[in-house]
Number of protein chains: 2
Amino acid sequence: MTAAPQLTLVHDDPLVALGEVKTVSAGSEIFLQDQAASCLYRLVSGSVRTIRLTEDGRRQIGDFFFAGDLIGLEDDGAHAFTAEALERCEILVLRRSQVEAAATTNAAVAQILFHAGAARLQRMQRHLIQIGRKSAIERVAAALAQFAERGDAETVELPMSRQDLADYLGLTIETVSRMISQLQAHKVIRLNTLRQLRICDPMALRQLAA
Amino acid sequence: MTAAPQLTLVHDDPLVALGEVKTVSAGSEIFLQDQAASCLYRLVSGSVRTIRLTEDGRRQIGDFFFAGDLIGLEDDGAHAFTAEALERCEILVLRRSQVEAAATTNAAVAQILFHAGAARLQRMQRHLIQIGRKSAIERVAAALAQFAERGDAETVELPMSRQDLADYLGLTIETVSRMISQLQAHKVIRLNTLRQLRICDPMALRQLAA
DNA sequence: CGACATGTTGATTCGATTCAACACTTGTGG
DNA sequence: CCACAAGTGTTGAATCGAATCAACATGTCG
């Protein structure tokens, strides 16, 4: 479950031979909603959000991605979401056709795709429960706890805006803000800056995340 | 997107050789939450729901499955959900290890797994948006519209209870009931029985589904 | 420094939940 | 076959949590 360190990842990764690494600047798009999905992307460094905009302007964040994650797996024909770099990113760009071909001859590649796909589905299921059956405070606590798992320290970086968080959790920006304030008031977390916080009471956070 | 007729499916399916068909009676479990996920299941006939129960008793339906669907794809180590037959079902039981092995030598099998996985992810994304960003009436309308796509007639069978629908949509049973009543009052649908309805105004339904 | 974007906080409103009563459907045994 | 009971679904009234509307604070960047 825990991501291998980056360097190891890049060197061991049998996918590396199948594509090339590109650098993407903060805020720019990696692929667009409704575009043909001819590529897969392995995020080498940085962080990415996937967004879907509905006709009437509602916004849903599909997920946030970090180093090691495979992006674009769910898009068979066309991309259902737009992927945007939250900060400067390095991404390994892979032709979908090439990867699928490789998977039939190289068991390691097939393994990677299976596991990445299954992991993706499990993350989405967790996300579904978060959104479908949890209160505002639980959703925010769960999201923070989740980000904390990534960086193993108790210091959590939030590369995304409050609006992103809101659209990820199916809440409004005001509610997210209120819940974060509430967590602070209860000494569960402490904001260093708006985008960086320390988890003071991990137990309480996990409990709230339910 | 539209499921092939059952017979064709079973005969053409390269997975058939890899497993055996079993019959499951209504209400019984196909696999259990947190159980080791050693098998995949191809639903040959009938319908299935996947459920997750949280410690504190909240219930979330992962999805409903119908003939042709592949169940258990998302579960790499252990099953995140319990799968239960909504009615008498025939299921093709496949050893996961065997299928994965077959995928590396048989491109058709690999294809099936990729496509099924991608389709699953896309359904979940749609589900996520439904739950995260839609009102009660939109969620119910979207769910009915979705079921209507399956059976190509305007008559829709609902093999699941109102409670299932509620837990699928992240609503309460009362709200689901109210929304269905409302759709009836507006002549968008008409209940034949509690579990079977006719869509009188497909345009309006699609519009409400947003 | 000043301007604009981002985030916070408060007051009010609104939609969905909760609690409660009632209706319908289904299955069982007398 | 009917009576009854249990399960399932519907409807109404009151409540609650999150959204909305609005003002203000803070952070960021030219």
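Numbers restart at 1 for each chain; the letters A, B, ... are given by sequence-line order, proteins then strands.
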Heavy-atom protein contacts under 4.0 Å, nucleotides 5-19 of chain C, coded B base, S sugar-phosphate only, - none: --SBBBB----SBBB

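Between the side chain of B/Gln60 and the backbone N or O of B/Asp167 there is at least one donor-acceptor pair closer than 3.5 Å. Using modelled atom types, no side-chain atom of B/His127 and backbone atom of B/Gln122 make a donor-acceptor pair closer than 3.5 Å.
Note: A/Tyr41 and A/Phe65 fail the aromatic proximity criterion, with ring centroids not under 6.0 Å apart.
Atom CZ of A/Arg190 has 12 or fewer heavy atoms from other residues, nucleotides or ligands within 6.0 Å. Around the CZ atom of A/Arg126, the shell of radius 6.0 Å holds more than 12 heavy atoms that belong to other residues, nucleotides or ligands. Enclosure of atom CZ in A/Arg58 by more than 12 non-hydrogen atoms of other residues, nucleotides or ligands within 6.0 angstrom is indicated.
Taking the six-membered ring for Trp and thresholds of 30 and 60 degrees, B/Phe64 and B/Tyr168 have ring planes inclined between 30 and 60 degrees apart.
Using a 4.0 Å cutoff to heavy atoms of chain A, the contacted part of DNA chain D runs 5' to 3' from D/dA18 to D/dG27.
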